Each structure stands twice: as C-alpha cells, then as structure tokens.
S.K.: 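Attaching a single structure in structure tokens format; questions to follow.
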Amino acid sequence: MKIKALLAAAGLMVLLLFVCAYTVDETEQVVITRFDKVQRTVLTPGLRFKLPVIEKALVFPNNLQEWDGDPGQIPTKDKTYIWVNTFARWKIVDPVLFFKTVGYVNRAQQRLDEIIDPTVRNFVTSNRLIEAVRNSNRELDTFEDLGDGSDPDAQKDKPVRFSQVYVGRDQIDTGILNQAKPKLSNFGIELVDVKIKRVNYVEEVRTSVYERMIAERKQIAQKFRSEGKGEAQKILGEKERELKRIESEAYRTAQEIKGKADAESTRLYAKAYGLDAEFYSFVKTLEVYNEALSENSSIILSTDSEIFKYMKGYEGKVLGRP
C-alpha cells in the first residue's frame with residue numbers, strides 16, 4: 001500500500017509538473033493569462049512554471065515575420081495602370097498590447113493588409129510611373145530627340161523621352177514604411193521594412209508598351225546606322241582627298257623630274273652638237289634612214305639629193321676617218 005501511495009504521489013507530481021511547467025525558446029515571448037486577464041510576460045528563454053488550469057501560457061514569436069501582399073492593380077499619377085506586388089517584415093515588440101488588440105499571430109495578416117495595402121496604393125497613385133520604376137537619373141541606352149541639335153538650350157521646352165526622377169522607388173518605399181509604422185505600433189507591432197517587390201503593366205497596356213519599346217529600339221538602331229553611314233562617307237571623302245593630294249604631288253614630282261631630264265638631254269645634245277656638228281648630223285641622218293627605209297623599200301631620188309650626201313661623200317671614210 002505504501003508503494004502504491006508513493007507511486008501515485010510520484011505520478012501526481014509528474015502530472016503537476018507537466019501541467020505547470022513550460023519552456024520559452026530564444027525566438028519566443030510568453031504572455032501568462034488568468035481567466036483571459038494578463039498576469040505577466042516572460043521574455044527570457046528557459047524553463048518556467050504557471051498555475052495549472054487557471055493560467056495559460058500564450059506564445060508569440062519575437063523574431064522577424066513575413067508579410068506578402070496580394071498583387072493589386074493600381075493607377076499611377078499619370079493614369080497608367082500597373083500591377084504592384086509588395087512585401088514587408090515585421091515583429092511583435094509588445095506582446096501584451098498585441099494580445100489585447102490582435103489576439104493571435106494568424107490574425108496579424110489581416111491587420112497588416114488593412115494598413116499596408118492602402119498606404120501602398122496612396123503612394124503609387126500620388127507619383128508618376130517612372131518614380132515607382134526608377135530610382136535615379138542614370139543614363140539609359142537611349143537618346144532624347146532635340147530637333148536639329150544646333151542649339152540644345154533652345155529645345156528645353158520640348159517634351160523628352162524620359163522624364164526627370166524626383167522621388168524614386170527607394171523614397172516611395174521609405175514613405176510607405178514611415179506612414180504605416182505608427183499605425184501598426186498601436187497593435188504592438190513594429191514594421192521593420194516595406195519594399196515594392198515587383199511592378200508590371202496590366203495586360204491592356206503591356207502590348208502597346210512593348211510596341212513602343214520596339215519602335216524606340218528601331219529608332220535608336222536607325223540613328224546608329226545613319227551616324228555610321230555619315231562617318232563612312234566622311235572617311236571615304238578624306239580618303240579621296242588624300243588620294244588626289246598624293247597623286248597631285250606625285251604628278252608634280254614626275255613632271256619636275258621629266259623636265260630636268262629633258263633639260264639635261266637637251267643640254268647634252270647641244271653640247272654634243274657644239275663639239276662635232278658633222279657627227280651629230282651624221283647620227284640623225286642614220287636615224288632617218290632606219291625609220292624611212294626597210295629591207296624591201298624602194299625609193300627613187302636624184303643623185304644630188306640631200307639625204308644621200310653621206311652615201312656619196314664618205315667613200316672609204318667613216319666618221320671622218322680614212
């Protein structure tokens with residue numbers, strides 16, 4: 001009987017220990033309630049005890065939690081409809097307030113939807129599309145048409161292809177965070193970060209946007225082709241000009257050399273003629289014979305013809321020597 005009593009007592013102690021004891025993890029925080037009234041909070045990890053039956057341990061996470069908003073169709077300030085997908089990170093910083101206002105973690109999603117979604121819509125509709133897409137005025141692989149390009153300052157009033165970014169996507173994210181954070185703090189929630197995850201055109205706008213992008217790329221390609229053709233014509237013109245210059249200089253040099261050669265030839269002929277006029281006359285006459293007479297040539301001339309004077313007058317003599 002004593003053994004049974006001891007076993008029963010031990011079993012009761014174990015049961016009481018099981019009912020009264022609970023553990024707190026590093027990623028948890030606990031609110032102890034008694035008849036749905038908050039008695040205390042446990043924020044440090046370890047083994048803890050509570051009164052059985054009448055006290056409950058409500059466990060809440062104290063690490064970052066995820067929130068993914070549903071993609072929604074929102075018009076921008078410039079009347080362009082886009083799909084916006086947003087995400088956020090939050091955590092419970094006041095478990096007692098969270099328990100009183102929200103109750104449980106699975107209900108927090110609804111509170112976040114009610115506060116973050118309208119804030120996102122407010123900021124998107126208050127800004128142009130380019131503000132939600134771009135974050136800076138970084139140059140893109142495109143150009144702005146400024147007319148004839150002669151005076152860019154005179155074209156300031158003309159619309160440009162890409163508008164100036166004044167706010168940017170980062171500032172929109174920061175504005176959403178700053179506006180939604182105080183509202184969520186009333187529920188014991190700290191909103192750590194909010195980001196626009198994705199922006200996309202609606203189906204009705206997407207086709208026209210793609211067509212415009214294709215047209216812009218074709219315009220850019222045509223601009224590059226025109227510039228290339230202009231540069232090619234410029235290079236060809238410089239080549240032709242350089243070629244003519246080289247040919248002109250070469251012709252002038254050739255004419256100078258030819259003139260010097262003719263002058264030297266004339267000088268030598270004149271010098272030779274001056275030294276032996278008879279020999280020069282004889283050589284030129286032989287050249288005439290060679291050009292005028294061939295092997296089968298027949299010619300009738302008088303014996304006193306000037307052309308045969310050397311044939312007649314140089315009997316037994318060659319070049320004035322016996």
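A quick note: this is a predicted structure, and the numbers were derived from the prediction, not measured.
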S.K.: A side-chain contact here means heavy atoms from C-beta on lying under 4.5 Å apart; do Arg40 and Glu55 qualify?
M.R.: yes
S.K.: Restricting to non-hydrogen atoms, name the atom on Thr125 and the atom on Pro75 that form the minimum distance, rounded to 0.1 Å.
M.R.: CG2-O, 3.0 Å
S.K.: Any heavy-atom pair between the side chains of Val124 and Asn122 that's under 4.5 Å?
M.R.: no
S.K.: Between Glu131 and Gly168 (side chain of the first, backbone of the second, donor and acceptor by atom type, cut-off under 3.5 Å), is there such a pair?
M.R.: yes
S.K.: Closest heavy-atom contact between Phe49 and Ala21?
M.R.: CE2-CB, 3.6 Å
S.K.: Would you sort out whether Gln171 and Tyr166 count as a side chain to side chain contact (heavy atoms under 4.5 Å, CB included), showing the intermediate values?
M.R.: CA-CA 10 Å; Gln171 291 191 32; Tyr166 298 101; over 6 Å; no
S.K.: Please check: side-chain N/O of Ser185 versus main-chain N/O of Pro182, any donor-acceptor pairing under 3.5 Å?
M.R.: yes
S.K.: Can you hop from Val133 to Tyr201 via hydrophobic side chains spaced under 4.5 Å?
M.R.: yes
S.K.: How long is the gap from CD on Glu114 to OG1 on Thr119, to the nearest 0.5 Å?
M.R.: 11.5 Å
S.K.: Whether the side chain of Glu28 engages the backbone of Asp25 through a donor-acceptor N/O pair (distance < 3.5 Å, no angle test) should be reported.
M.R.: yes
S.K.: May I ask you to decide whether Lys223 forms a salt bridge with Glu227, counting only side-chain N to carboxylate O separations under 4.0 Å?
M.R.: yes
S.K.: Taking Lys244 first and then Glu247, would you say they form a salt bridge - that is, a charged N and a carboxylate O separated by under 4.0 Å?
M.R.: no
S.K.: Can you name the closest pair of heavy atoms from Ala132 and Val199 and give their distance?
M.R.: O-CG2, 4.1 Å
S.K.: Are Val93 and Val42 linked, directly or through other ILVMFWY residues, by side chains that come within less than 4.5 angstrom of each other?
M.R.: no
S.K.: Would you mind reporting whether Phe187 and Ile115 have side-chain heavy atoms less than 4.5 Å apart?
M.R.: yes
S.K.: I'd like to know if the side chain of Thr76 reaches the main chain of Thr80, judged simply by a donor and an acceptor atom lying under 3.5 Å from each other, with no hydrogens or angles considered.
M.R.: yes
S.K.: Got Ile172 and Val120 here, is their nearest side-chain heavy-atom distance under 4.5 Å?
M.R.: no
S.K.: When rounded to the nearest 0.5 angstrom, what is the spacing between CD in Gln109 and CD1 in Ile116?
M.R.: 8.5 Å
S.K.: Is the shortest side-chain N to carboxylate O distance from Glu242 to Lys239 below 4.0 Å?
M.R.: no
S.K.: Looking at CZ of Phe123 and CD1 of Ile176, how far apart are the two atoms once the value is rounded to the nearest 0.5 Å?
M.R.: 6.5 Å
S.K.: With clusters defined by side-chain heavy atoms of hydrophobic residues (ILVMFWY) lying less than 4.5 Å apart, directly or transitively, does Val192 cluster with Val105?
M.R.: no
S.K.: Could you walk me through whether Ile130 and Val165 pass the side chain to side chain contact (heavy atoms under 4.5 Å, CB included) test, one step at a time?
M.R.: CA-CA 7 Å; Ile130 193 172; Val165 175; 4.0 Å; yes
S.K.: Does some side-chain heavy atom of Trp67 sit less than 4.5 Å from a side-chain heavy atom of Asp113?
M.R.: yes
S.K.: Are Tyr81 and Leu129 joined in one hydrophobic group, where the rule is that I, L, V, M, F, W and Y side chains link up if heavy atoms are under 4.5 Å apart?
M.R.: yes
S.K.: Rounded to the nearest 0.5 Å, how far apart are OG of Ser265 and NZ of Lys260?
M.R.: 16.0 Å
S.K.: Out of curiosity, Leu97 CG to Ile92 CD1, how far, rounded to the nearest 0.5 Å?
M.R.: 10.5 Å
S.K.: Do Thr27 and Pro61 have side chains that approach each other closer than 4.5 Å (heavy atoms only, starting at C-beta)?
M.R.: no
S.K.: Does Arg198 CZ have over 12 foreign heavy atoms under 6.0 Å away?
M.R.: no
S.K.: Going by atom types only, do Trp90 and Asp193 share a side-chain donor-acceptor pair under 3.5 Å?
M.R.: no
S.K.: Out of Asn62, Thr44, Val30, which residue meets the side chain to side chain contact (heavy atoms under 4.5 Å, CB included) rule with Val24?
M.R.: Val30
S.K.: Would you check if the side chain of Gln29 reaches a backbone N or O of Leu43 as a donor-acceptor pair within less than 3.5 Å?
M.R.: no
S.K.: Is it true that a side-chain atom of Asp68 and a backbone atom of Phe87 form a donor plus acceptor pair closer than 3.5 Å?
M.R.: no
S.K.: When you look at Arg34 and Leu51, which way does the side chain to side chain contact (heavy atoms under 4.5 Å, CB included) test go after all the steps?
M.R.: CA-CA 9 Å; Arg34 184 183 302 170; Leu51 295 176; 3.7 Å; yes
S.K.: What do the steps show when you test Gln73 against Arg121 for side chain to side chain contact (heavy atoms under 4.5 Å, CB included), and what is the final call?
M.R.: CA-CA 9 Å; Gln73 181 175 322; Arg121 179 176 293 273; over 6 Å; no
S.K.: Between CG of Leu112 and CG of Leu191, what distance do you get to the nearest 0.5 Å?
M.R.: 7.5 Å
S.K.: Around Lys77, counting heavy atoms of other residues, nucleotides and ligands shown, do more than 12 lie under 6.0 Å from its NZ?
M.R.: no
S.K.: If you measure only the distance, is there a donor-acceptor pair under 3.5 Å linking the side chains of Gln65 and Asn63?
M.R.: yes
S.K.: Any heavy-atom pair between the side chains of Phe99 and Thr101 that's under 4.5 Å?
M.R.: no
S.K.: Begin from the C-alpha positions of Phe98 and Phe60 and carry the test ring pair (Phe, Tyr, Trp, His ring centres under 6.0 Å) through to its verdict.
M.R.: CA-CA 9 Å; Phe98 181 83; Phe60 300 100; 5.5 Å; yes
S.K.: Would the distance check show the side chain of Arg169 and the main-chain N or O of Ile196 forming a donor-acceptor pair, the cut-off being under 3.5 Å?
M.R.: yes
S.K.: Under a 4.0 Å N-O cut-off, is there an ion pair linking Arg245 with Glu249?
M.R.: yes
S.K.: What do you reckon, is CG of Asp262 surrounded by more than 12 foreign heavy atoms closer than 6.0 Å?
M.R.: yes
S.K.: Is the side chain of Asn178 donor-acceptor paired with the backbone N or O of Thr174 at a distance under 3.5 Å, no angle test?
M.R.: yes
